[in-house]
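First comes the structure, then the notes that go with it.
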2 protein chains.
Amino acid sequence: MAGRNTRTDSLTLEVVELIGTVVARYHEEYERAAGRHALTGAQARVLGLLSLEPLPMRQLAQRLKCEPSNVTGIIDRLEARGLVERRPDPADRRVKLAAPTEEGVRTARSLRDSLDFAREPLASLSRDERVSLRDMLRRMVGVGGGDGD
Amino acid sequence: MAGRNTRTDSLTLEVVELIGTVVARYHEEYERAAGRHALTGAQARVLGLLSLEPLPMRQLAQRLKCEPSNVTGIIDRLEARGLVERRPDPADRRVKLAAPTEEGVRTARSLRDSLDFAREPLASLSRDERVSLRDMLRRMVGVGGGDGD
DNA sequence: TATTGTTATACTCTATAACTATA
DNA sequence: TATAGTTATAGAGTATAACAATA
C-alpha cells in the first residue's frame, strides 16, 4: 500500500474534489439533454432503462431505488406522451410491464446519442490513458474480473 | 491522438459506463449521509457551501444553479432547525447573508467527515495511481495549471 | 396470506410571475 | 429604473399508508 492516510492527504482530497466536479458536470449535462426532449431527469432515466428491456413496475422501482408508488406517476406521464405503454404480463395478471413505444425507442436513442458529457472530456486522453483510467475505475467500483479489451 | 473514434469504441463506452456508476454511487452515498442528519440533499449542499463562507441568497442560487425563489424555502427550513441564520449586509440593506450557526458548522463538519463515498474506493489505488488519476481527471475537467503535489 | 400496482396524502425541490424594499 | 429577496402558484419526485386485484 502506498498512501497510508487515505482520509486526509491532500492528493486524495484533490481527487475527491475532482470526482465531485465530474459528478456535477455529469448531472448538468444529463438534465440538459433530457430537457432538450422535454423530459425530466427521472423520465429520461426510465426511458433509458426500458429501451434496454421492458420491466415490471416493481423492478423499475428497484432500479430507480425509489418506492413503487412513485413509478406509477412517472410512467403515467411518459404514457400520456406516447413514449411508454403498459402491457399485461401473460404469466402473472397482477404484473404490468412498462415498455417503450416506437417513438419512445427513438427518443431513448436520440437521448443516448446526445449524452456527450462523459465522452467529450475523454477525448483529451490517449488510448493508453483511457485503458489505465478504466482499470482504476473498475477497481474503485469493485469489478472483479472482466476482459482486457 | 490515440483513439480516433471517441464516440463508439468499446473502451470509451466502458469508461463512460464506469463513470456513470461512480456518479450513481456518489449520489446514493451523499443522500444517505444527508439523511443520517435528517437533511435533504439540497439542504446538505447548502450547509456545505455556507460552512465555507456566508453568502447572499442570490449568490447561493447561482452556486446551486437554481432560481433565487427556491433558496428562500431551503434557507427557511434550515433556519427553522437552527442550522442557518439570515444576517443583514451592512453595505446593502436589500441583501441578506445566509450563514451557518454554530450547530450548523458542526453538522456541516460531521457531514463532510461521513462522506466516504469517494474516499473509500480510492483506498484500493496506490499513490502513483492516484497521482495519474488526478492528472487525468484534471484534464477531463479542464484544469489548466496546478502544482505537481 | 402475500404480492403487484394503484390511490391518497404530505413534503421538498423546481420554475415562473408578481410583489416589497431598497438602491 | 433596476436589483435583492420574498410570496404565490403549479408541476414533478419522493416516502408512507391504505386499497383492489391477483396469486
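Note that the structure is predicted; figures quoted are calculated from it, not measured. Labels below follow one simple rule: chain letters A, B, ... track the order of the sequence lines, proteins then strands, and each chain is numbered from 1.
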Where the side chain of [X] meets the backbone of [Y], is there a donor-acceptor pair that is under 3.5 Å apart?
X: A:Ser114; Y: A:Ala33; result: no
X: A:Arg25; Y: B:Val141; result: yes
X: A:Arg58; Y: A:Pro68; result: no
X: A:Arg93; Y: A:Pro88; result: no
X: B:Glu129; Y: B:Ser126; result: yes

Subject >> Pair B:Arg63 + B:Glu53, salt bridge at N-O below 4.0 Å >> reply: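 Result for this pair is yes, salt bridge flagged.
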
Original post:
Using 4.0 Å as the upper bound for N to carboxylate O, is an ion pair formed by A:Arg81 and A:Glu103?
Top reply: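 Answer for the salt bridge query: no.
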
Below 3.5 Å is the cut-off: list the nitrogen or oxygen pairs between protein and nucleotides 18-22 of chain D, distance only.
none

Take atom [atom1] of [X] and atom [atom2] of [N], then tell me their distance rounded to the nearest Å.
X: B:His27; N: C:dC13; atom1: NE2; atom2: C1'; value: 13 Å
X: B:Leu78; N: C:dC13; atom1: CG; atom2: P; value: 8 Å
X: A:Asp76; N: C:dT6; atom1: CG; atom2: C1'; value: 9 Å
X: A:Met57; N: C:dT7; atom1: CE; atom2: C1'; value: 13 Å
X: A:Leu55; N: C:dG5; atom1: CG; atom2: P; value: 10 Å
X: A:Leu39; N: D:dG11; atom1: CG; atom2: P; value: 18 Å
X: B:Gln62; N: C:dA15; atom1: CD; atom2: P; value: 13 Å
X: B:Arg58; N: D:dA2; atom1: CZ; atom2: P; value: 15 Å

**OP:** Evaluate whether atom CD of B:Glu17 has more than 12 neighbouring non-hydrogen atoms of other residues, nucleotides or ligands under 6.0 angstrom away.
**Re:**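 No, CD of B:Glu17 has 12 or fewer neighbouring heavy atoms, counting only those of other groups under 6.0 Å.
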
Find every protein N or O atom lying less than 3.5 Å from an N or O atom of nucleotides 12-16 of chain D, and list the pairs.
| from | atom 1 | to | atom 2 | distance (Å) |
| --- | --- | --- | --- | --- |
| D:dG13 | OP1 | A:Thr40 | OG1 | 2.6 |
| D:dG13 | OP2 | A:Arg77 | NE | 2.7 |
| D:dG13 | OP2 | A:Arg77 | NH2 | 2.5 |
| D:dA15 | OP2 | A:Glu67 | N | 2.8 |
| D:dA15 | OP2 | A:Asn70 | ND2 | 2.7 |
| D:dA15 | N7 | A:Asn70 | OD1 | 2.9 |
| D:dT16 | O4 | A:Ser69 | OG | 2.6 |

Original post:
Is B:Lys96 near enough to D:dT6 that one of its side-chain N or O atoms lies under 4.0 angstrom from OP1 or OP2?
Top reply: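 Indeed, a polar side-chain atom of B:Lys96 lies that close.
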
Original post:
In Å and rounded to the nearest 0.5 Å, what is the CD to CG distance from A:Gln43 to A:Leu78?
Top reply: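 Between A:Gln43 CD and A:Leu78 CG, I get 5.0 Å after rounding to 0.5 Å.
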
